[in-house]
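Presented below is the structure to which this report refers.
Not measured: the values here are computed from a predicted model.
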Amino acid sequence: MNTALLYHLLDVDPADGPAELLHRARGSRHLPHLVLSALAREDVRMGEPARAELRRARARADRYAGLALGLARSTGVRAIHGLPLAGYYPTDLLRPQAGLDLVAPGEAALWQAVVRLVTDHPVETIDVTLLGDRPHHTAVTVRWPAEDPLLDPWYRVRLATAALPGDCATVPVRPYLVADDHVECLIALAEAQLRPRAGAGAAAGPPDPLTLLDLSCLTDQPFEPAETAAVLAAYRLAPEAAALLDLAAPLLPLGTLAAVRTALTPELAPERRRRAEAAATPRLPVRHGTLLRRTVIRHTWDEARLLGADDSRGGGALLLTPVADYLLGAADASPTLADRSTALDALHHWDTHC
């Protein structure tokens, strides 16, 4: 990967120079840090503010990597999506890290990792989502401010008991990833194509520059075409992977991924038929937690406790976790003041009688 590819993907004329390239990158998520690292690699002259921004971004990426390593050793969670993809970039290029995504082998490991984060960092927000009913999967996102919150984004760590959440409709939850690292990264890129279009019914737009840069780092990996296509089909992602490769083909050489795209062709019609049949089934329920209170860490709790309407004295369902308590509700609805008041009464009842 070189700056010529960055100029191409960001649609900048090289004659306009690095300043225009960086200006265009600032409108595309965290790409400025990748562009700065590419310019630094080519010894493009830059001032101290730009160098300081790049140093902070590298420190942030190193901190995420250290967090992932420490949590893997202590709780068994492992990094997915962004951090593994960053491992395929040249060592002196900085892949943008908007956050750290982790998958836990079970709910107990997830909450152990959350407790560790809350203990070791100034966590200010803890968001919880339950996917499905019984059994359900849990996703938790924790955030805390950067050292300079006026200049840098907050740290964000997302932990989940399901590696691939699907689209809650025709693509199911797939809890585990079992594949070679480079195939897993391709799966992650295909899965990401589900989310922008979930429920929208709109045609896919062009991939964002970061997705294309990620693909460019995978093109020389030893993909076995038939096996890779079969794995993508098993994960219900053949249409997304094929569409992504089709959109990327005019913009960058696909290398070994070109043969993968050919092998995907016979997998497309069966998956589309399966989705058409699945569309008649109810959508998977998604419940978001509204924070009621942070608690002293409940070190003896291995898992969260879900209290239904009967247990919460007629209110909405409550989720009591090792670090905080929540009122659960539909993703598209906000609780009223009356809902919150009833839920707080239910918590008081639970505190005094359980």
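A donor-acceptor pair under 3.5 Å is absent between the side-chain atoms of S341 and the main chain of A338, judged by distance alone. Here the side chain of R272 pairs no donor or acceptor atom with the backbone of P239 at under 3.5 angstrom. Within the 3.5 Å criterion, the main-chain N or O of V142 finds no donor-acceptor partner in the side chain of T125. Judged by distance alone, with hydrogens and angles left aside, the side-chain atoms of T228 form a donor-acceptor pair with the main-chain N or O of E224 at under 3.5 Å. A distance-only check finds a donor-acceptor pair linking the side chain of H8 to the backbone of L251 [under 3.5 Å].
Under the 4.5 Å side-chain heavy-atom criterion for grouping Ile, Leu, Val, Met, Phe, Trp and Tyr, L69 is not connected to L67 through any hydrophobic cluster. L189 and L268 fall into different hydrophobic clusters, defined by Ile, Leu, Val, Met, Phe, Trp and Tyr side-chain heavy atoms under 4.5 Å apart, directly or through other members.
Ring planes of Y64 and Y155: perpendicular class, angle over 60° (limits at 30 and 60°).
Side-chain atoms of V157 and W144, non-hydrogen and from C-beta on, do get closer than 4.5 Å to each other. Two residues are said to be in side-chain contact when any heavy atoms from C-beta on lie closer than 4.5 Å; T3 and E42 meet this criterion.
The line from CG of D325 to CG of L319 is 8.0 Å long, rounded to the nearest 0.5 Å. Note that CD of E271 and CG of L264 are 11.5 Å apart. Values are rounded to the nearest 0.5 Å. Note that CG of L39 and CG of L34 are 9.5 Å apart. Values are rounded to the nearest 0.5 Å. With rounding to the nearest 0.5 Å, the separation of CG in D13 from CZ in R24 is 10.0 Å. One distance of note links CG of L130 with NE2 of H288; it measures 10.0 Å at 0.5 Å rounding. A distance of 11.5 Å separates NE2 in H23 from CG in L10, rounded to the nearest 0.5 Å.
Between Y88 and H182, the shortest heavy-atom contact is OH-N, 3.0 Å.
Looking only at atom types and distance, the side chain of D214 has no donor-acceptor partner in the side chain of T211 under 3.5 Å away. Side chain to side chain, R116 and S74 meet the donor-acceptor criterion of an N or O pair below 3.5 Å. H81 and R158 share no side-chain donor-acceptor pair at under 3.5 Å.
A salt bridge is absent between E147 and R60; no separation between the charged side-chain nitrogens and carboxylate oxygens falls under 4.0 Å.
Exactly one of L237, I187, L186 qualifies for a side chain to side chain contact (heavy atoms under 4.5 Å, CB included) with V231. That residue is I187.
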